[in-house]
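Shown next, in structure tokens, is the structure this report addresses.
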Amino acid sequence: DVYSYTSDDGFHYMTTGPLEAMQQTSPASAANAYPNPFVESVTIGFTVSKDNTPVRVMIYDNMGMPVAELINATMDRGKHEVLWNGIDRSGNKTKSGLYHYTVLGHDDPITGTLVAK
């Protein structure tokens with residue numbers, strides 16, 4: 001069963017009963033992507049909460065295979081953005097479809113879905 005609770009890591013699960021949970025990510029760790037759907041490029045925004053944090057931003061295809069690594073670096077706290085121009089690791093333009101991104105750092109991973117037109 002899933003019940004309401006608040007954790008120390010910024011995630012809040014609120015329900016009126018078991019198995020009705022909806023996760024709400026705290027604004028400090030929220031990521032967003034715009035424009036989405038995108039044609040030429042998409043910007044992924046994220047917040048780093050501590051200085052000297054190793055951050056990795058990855059793009060995956062709908063099968064879970066890595067498509068592009070946008071960031072793999074140490075970053076200071078604050079709001080950051082990274083641009084993906086739809087180019088894969090081999091330098092080729094990706095096809096239209098669904099892609100997924102992850103932002104990995106010292107906090108829990110942030111994930112999202114991108115729609116390439």
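Just so you know, these numbers come straight off a predicted model, no measurement behind them.
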Quick one: side chains of residues 36-46, donor-acceptor pairs under 3.5 Å with protein atoms, not counting sequence neighbours, listed by atom name and distance.
| residue | atom | partner | partner atom | Å |
| --- | --- | --- | --- | --- |
| N36 | OD1 | V115 | N | 2.9 |
| N36 | ND2 | T113 | O | 2.8 |

Has the side chain of K95 got a donor or acceptor atom that lies under 3.5 Å from a matching backbone atom of K117?
no
What's the spacing between W84 CH2 and L70 CG if we round to 0.5 Å?
8.0 Å
Under 4.5 Å side-chain heavy-atom separation, chaining through any Ile, Leu, Val, Met, Phe, Trp or Tyr, what else clusters with I87? Say none if it is isolated.
none
What are the two closest heavy atoms between P66 and M58, and how far apart are they?
CB-CE, 3.9 Å
Taking the side chain as everything from C-beta on, heavy atoms only, tell me whether Y101 gets closer than 4.5 Å to V82.
no
Any pair with a residue in residues 69-79 that passes salt bridge (Lys or Arg N to Asp or Glu O under 4.0 Å), sequence neighbours left out, goes on the list, sorted by first then second residue, please.
R56-E69
Report the distance from atom CG of L104 to atom OG1 of T111, rounding to the nearest 0.5 Å.
10.0 Å
Partner set under side chain to side chain donor-acceptor pair (under 3.5 Å) for D88, not counting sequence neighbours:
none
Residue pair H80 / T47, side-chain heavy-atom distance below 4.5 Å:
no
Assess whether side-chain contact (heavy atoms from CB on, under 4.5 Å) is satisfied between I59 and H100, documenting all intermediate values.
CA-CA 6 Å; I59 305 292; H100 307 280; over 6 Å; no
List for me each residue that meets side chain to side chain donor-acceptor pair (under 3.5 Å) alongside E81, sequence neighbours excluded, and say none if there are none.
Y34
Can you list the residues that meet the ring-ring contact (aromatic ring centres under 6.0 Å, His included) rule with Y60, with sequence neighbours excluded?
none
Test item: V55 and V48 side chains (from C-beta on) under 4.5 Å apart, heavy atoms
yes
Answer whether the closest heavy-atom distance between the side chains of T102 and I110 falls below 4.5 Å.
no
